[in-house]
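Within every chain, numbering begins at 1; the chains are lettered A, B, ... in the order of the sequence lines, protein sequences first and strands thereafter. Note that these values count all heavy atoms, side chains included, but never hydrogens, waters or copies made by symmetry.
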Amino acid sequence: MPRYDARRIESKWQSYWDNHRTFVTSNEPQEGAQGKLYVLDMFPYPSGDGLHVGHPEGQTATDIVCRYSRMKEKHVLHPMGWDAFGLPAEQYAIQTGTHPRETTQRNIDTFRRQEKMLGFSYDWTREFSTTDEDYYRWTQWIFLQLYDTWYDADFEWTGPDGLSRAGKGRPISELPIPSGVTSEGDVAVRRYQDEHRLAYQLDAPVNWCPALGTVLANEEVTAEGKSDRGNHPVERRQLRQWMLRITSYAERLIDELENLDWSESIKLLQRNWIGKSLGAEVDFYVGDVTSTESQIMEFGPWKAARAEVGFPEHPGDLVLRVYTTRPDTLYGATYMVVAPEHPIVDHITTEEQRVKVETYRDIVSRKSDLDRTDLAKEKTGVFTGAHAMNPVNGEPIPIWIADYVLMSYGTGAIMAVPGHDERDLEFARTFDLPITAVVMPPDTDHDEPIGFVGEGTAINSGEYDGLPTAEFKQKITENLAAGGLGQLATNYRLRDWLFSRQRYWGEPFPIWHELDDEGKPTGLTRPVAADKLPVTLPDMEDFKPKGTPDPPLSWAPDEWLYATAEDGTRLKRETNSMPQWAGSCWYYLRFADNKNSDAFIDPAVEKYWLPVDLYIGGAEHAVLHLLYSRFWHKVLFDRGHVSTPEPFQKLVNQGMILGENNEKMSKSRGNVVNPDDVVSQYGADSLRLYEMFMGPLEQVKPWQMSGVEGVYRFLGRVWRMIVDERADDVTLSAAVQEVDLTDEQQRVLHKTIKAVTEDIDKLSFNTAISRMMEFTNVFTQEDVRPKFAMEQLVLLLSPFAPHLAEELWEVLGHAETLAYNPWPEYDESMLIEDEVEVPVQINGKVRAKIRVPVDAKPQAMQEIAESSDEVQKQIEGKQVVKVIAVPGRMVNFVVKG
RNA sequence: GGCCGAGUGGCGGAAUUGGCAGACGCAUCGGACUUAAAAUCCGAAGUUCCGAAAGGAGCGUGCGGGUUCGAGUCCCGCCUCGGCUACCA
């Protein structure tokens with residue numbers, strides 16, 4: 001008695017697909033293919049915990065789209081691989097004394113087993129891991145592209161996509177070298193080029209965790225300023241780091257979101273992250289800080305000189321340059337604040353204030369970014385003793401240092417307008433600094449201008465009084481520019497990307513440092529030749545951090561670490577490694593051509609498969625991964641290596657699956673659902689179907705084990721609708737016969753085909769499943785079930801529950817897989833019913849039901865309604881004011897009395 | 001604090017975009033089959049009030065207003081929950 005036996009069916013069909021290479025995809029389209037479709041899941045990190053139920057959520061969705069699209073004769077690319085470098089593997093390795101290569105391999109094996117167990121139609125011949133040498137060879141190669149590129153912001157050009165744009169990443173050899181630099185010689189030219197590369201080095205503050213003995217990425221530091229792993233304190237240190245100049249692409253990263261098929265909220269998230277703001281840079285004269293009188297005397301001539309020479313590129317030591325989005329509040333600037341690290345502090349601090357200033361700077365320098373922002377409630381700062389001259393009215397105003405001004409944004413200095421900025425107001429109140437109102441709020445009930453941060457009308461602003469904010473901004477910016485005192489400026493919150501990590505388990509940089517005669521780095525670098533890639537990770541037993549910021553690779557064997565160039569220069573390798581993001585920045589390209597040993601991807605293959613048509617994954621990657629990938633892709637685009645400006649045309653974020661208690665799943669809450677357990681109890685088809693039936697893909701939704709039971713029962717019903725459960729073998733039920741469908745059955749079938757098809761197109765899988773349940777509820781009640789209808793249902797169900805569908809397809813007499821069988825089609829004419837029941841409302845309340853011809857005109861509907869006894873009873877003796885009839889929908893009588 | 005998203009039965013969720021609120025599933029209750037149970041099959045069910053019953057009347061999509069013949073859906077004002085972000089001048 002063959003009951004629905006998921007275990008037997010699933011292993012049978014998984015081997016079938018493997019043995020028949022059912023889902024192996026050629027880069028040559030099959031004959032008659034209806035175009036290509038590249039469907040991608042976000043790159044999983046193979047953690048030691050194995051798959052969690054969030055993985056199959058997005059992956060089932062993409063699998064449904066792929067299986068459906070193949071039946072629609074699309075040429076489908078659907079790959080899977082592993083993002084396997086990274087800190088968790090390394091930490092685990094250190095704790096257990098196992099090499100990360102081993103644990104990573106083990107984790108990958110677990111993940112692969114679990115993915116296969118779920119019956120996803122991946123082309124496994126395209127699988128790779130970011131830790132494979134012939135993968136990271138090309139990660140290094142792309143890094144060298146970044147190294148070899150500078151951004152020409154003014155370059156106008158038309159790309160292979162046919163669109164014109166300004167700004168292009170160009171080969172460093174095309175960088176114009178100023179004659180002053182050329183005359184200084186070769187080394188000066190090289191240093192000048194190095195300053196302009198998209199991959200460059202910088203002394204940058206990093207998150208140093210003494211307990212872990214490593215530097216952490218911002219994402220690895222908790223909101224409390226502790227390490228994500230182990231909860232150890234984290235402090236700041238200045239270290240020489242590799243940076244990627246993503247800020248050059250900020251404008252294009254915003255603009256080119258426009259044509260992407262992404263949700264508005266994700267686009268907004270990216271725009272906010274990039275954080276473009278428009279404002280002005282304004283120069284405040286400082287000069288001789290020891291005497292305010294002489295400052296006032298010097299101010300006039302300085303201003304006059306500026307009117308002559310204009311606004312300089314660098315303000316110089318005696319001028320303080322600020323960035324503001326509100327140049328219209330310039331008259332309200334009563335003091336200035338510079339970041340404690342600002343270089344001008346050394347020039348302007350007076351003798352009396354020096355000790356206080358240095359003490360403050362010292363305290364701040366030892367705080368992490370997070371400590372600094374943590375102190376947000378209490379404003380701190382110190383007066384430098386110096387004053388600057390307000391360029392609009394020549395008033396001397398005091399210059400303070402405070403950690404609420406960040407060196408990394410704008411110019412690292414602000415003009416403080418306490419009257420109209422919350423932070424400045426709080427600071428001014430703390431330190432008793434003057435507050436001036438210069439903006440009148442527009443509505444009169446809001447009569448207190450102090451603390452008003454919106455737009456209004458200018459007051460106390462000399463000749464500008466009475467101007468609306470917007471107009472004032474424009475006018476004063478023009479005037480400042482004319483006087484050489486300011487200029488329009490754009491700023492981004494986005495920072496350049498800190499790209500190096502002091503870790504072992506990552507891609508080595510393909511970079512040599514030149515050494516001088518004493519073996520010290522000269523600061524000059526050279527790339528590893530492309531034909532020498534990859535720079536393989538040296539085999540090291542000891543990769544445990546030593547409590548200093550030296551990366552583990554710095555004690556790699558000398559053969560790896562040192563070399564002599566052909567010109568005799570001694571070279572030392574870069575010993576930092578790349579962050580985990582590196583490998584996931586371009587993996588979607590490699591899937592299209594993972595065996596290529598001549599190029600990261602063949603240009604023709606790239607042109608054929610890219611961009612990714614559908615990309616599904618969690619919203620946690622809405623900014624970082626997606627922004628980094630887009631950046632790399634654009635650099636490759638500019639350099640002519642890819643043909644599309646964007647990698648991911650359509651993006652969908654799946655909603656998080658919560659535990660049964662409506663809380664986020666976590667080990668500590670004990671509400672984690674393990675896919676292995678669900679599959680062993682109900683089978684993969686039930687897990688897949690349940691995850692899709694839970695609710696809309698993009699919505700957050702709680703797990704319910706009883707819901708899995710429900711879809712499992714549904715699959716059992718489908719099984720019994722087609723299979724004779726009382727026979728000894730799996731045979732067709734006697735009720736399934738080669739008969740024509742009745743009109744009613746036709747209608748149900750075609751309605752189901754239409755609904756399921758449209759729902760899949762909309763990624764509305766939960767409703768698609770409920771349609772198939774309705775179909776099943778109708779047909780299980782029939783004593784004779786037309787075989788054709790059963791076949792059609794099996795085809796509709798196959799993307800969702802592919803194992804069961806294949807088994808039933810076989811029972812229905814088909815020798816071959818249904819994976820490439822044409823998708824059922826519906827006939828619109830079959831859907832039409834002659835008559836429909838519509839409600840009759842009296843004053844908007846349903847009082848009766850009538851049957852009308854589907855195509856009945858409003859007038860006819862009204863007449864039918866009026867002839868009904870029930871309606872007569874309701875409107876009797878009342879005055880009918882108006883009748884609204886919507887064809888095929890409803891009739892509404894508006895009555896009085 | 002800022003931005004984004006969401007509030008519909010006991011629960012997960014539907015609702016052709018302004019037209020019968022609660023599809024489908026879970027849980028619940030009743031029945032059939034069975035010696036019994038499991039499994040399966042059939043059926044009931046938003047809620048309050050009236051009625052012995054068939055049935056009838058009212059109320060119902062977080063709260064308060066509004067637009068409309070008609071609002072879960074549109075507009076205005078709030079409340080609650082979730083996510084992201086956090087001194088960006």
Applying side-chain hydrogen bond (donor to acceptor under 3.5 Å, both in side chains), can you list everything that pairs with [X], at least two apart in sequence or on another chain?
X        : result
A/Asn671 : A/Asn661
A/Tyr682 : A/Glu709
A/Arg321 : A/Asp283

Inset, instruction - Test for a donor-acceptor pair under 3.5 Å between the base of B/U85 and the side chain of A/Arg493, counting only N and O atoms. - result: no
Legend entry - Nearest-angstrom distance, P atom, B/C84 to B/A89: 23 Å
Protein N or O to nucleotides 76-83 of chain B N or O, pairs below 3.5 Å:
none

Legend entry - Of all pairs that satisfy salt bridge (Lys or Arg N to Asp or Glu O under 4.0 Å), the ones with a partner from residues 260-279 of chain A, not counting sequence neighbours: A/Glu251-A/Lys276, A/Glu264-A/Lys267, A/Glu264-A/Arg271
Inset, instruction - For residues 752-761 of chain A, pull every pair meeting salt bridge (Lys or Arg N to Asp or Glu O under 4.0 Å), keeping only residues two or more places apart or in separate chains. - result: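 For residues 752-761 of chain A: A/Lys754-A/Glu758, A/Lys754-A/Glu828, A/Asp759-A/Lys762.
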What's the closest nucleotide to the side chain of [X] if the choices are [options]?
X        : options             : answer
A/Lys849 : B/A15, B/C20, B/A89 : B/C20
A/Arg889 : B/A89, B/U16, B/G43 : B/U16
A/Asn766 : B/A21, B/G13, B/C59 : B/G13
A/Arg720 : B/A89, B/C41, B/A21 : B/C41

Inset, instruction - Calculate the interatomic distance between A/Tyr826 atom OH and B/U16 atom P; express it in whole Å. - result: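 Distance, rounded to whole Å: 17 Å.
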Inset, instruction - For A/Glu264, report the nucleic acid contact type (base, sugar-phosphate, nothing); a contact means any heavy atom under 4.0 Å. - result: nothing
Inset, instruction - Let me have RNA chain B in dot-bracket notation, would you? Count Watson-Crick plus G-U wobble pairs, both distances under 3.5 Å, and use [ ] for pairs crossing earlier ones and | for inter-strand partners. - result: (((((((..(((......[....))).(((((.......))))).(((((....)))))..(((((..]....))))))))))))....
Inset, instruction - For A/Asp496, enumerate each residue passing the salt bridge (Lys or Arg N to Asp or Glu O under 4.0 Å) test, keeping only those at least two apart in sequence or located in another chain. - result: none
Legend entry - B/G83: syn or anti, per glycosidic angle within 90° of 0: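 Here the answer is anti: the torsion falls beyond 90° from 0.
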Inset, instruction - Indicate syn or anti for B/U80, taking the glycosidic torsion and treating anything within 90° of 0 as syn. - result: anti
Inset, instruction - Residues of residues 270-278 of chain A with any non-hydrogen atom less than 4.0 angstrom from an atom of RNA chain B: list those, numerically ordered, please. - result: A/Asn272, A/Trp273, A/Ser277
Legend entry - Pair A/Tyr404-A/Phe427, ring pair (Phe, Tyr, Trp, His ring centres under 6.0 Å): steps then yes or no: CA-CA 9 Å; A/Tyr404 82 94; A/Phe427 191 84; 5.3 Å; yes
Inset, instruction - If a protein heavy atom is under 4.0 Å from the base, mark B; if only from the sugar-phosphate, S; if neither, -; do that for nucleotides 64-70 of chain B going 5' to 3'. - result: -----B-
Inset, instruction - Produce a footprint string for nucleotides 24-34 of chain B: one letter per nucleotide, 5' end first; B if the base is under 4.0 Å from any protein heavy atom, S if only the sugar-phosphate is, - if neither. - result: BSSS-------
Legend entry - Geometric cation-pi criterion, A/Lys751 with A/Tyr826: 6.0 Å, 45°: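 Geometry flag: not set, cation outside 6.0 Å or 45°.
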Legend entry - Partners passing side-chain contact (heavy atoms from CB on, under 4.5 Å) against A/Ala885 (at least two apart in sequence or in another chain): A/Pro858, A/Met861, A/Val891
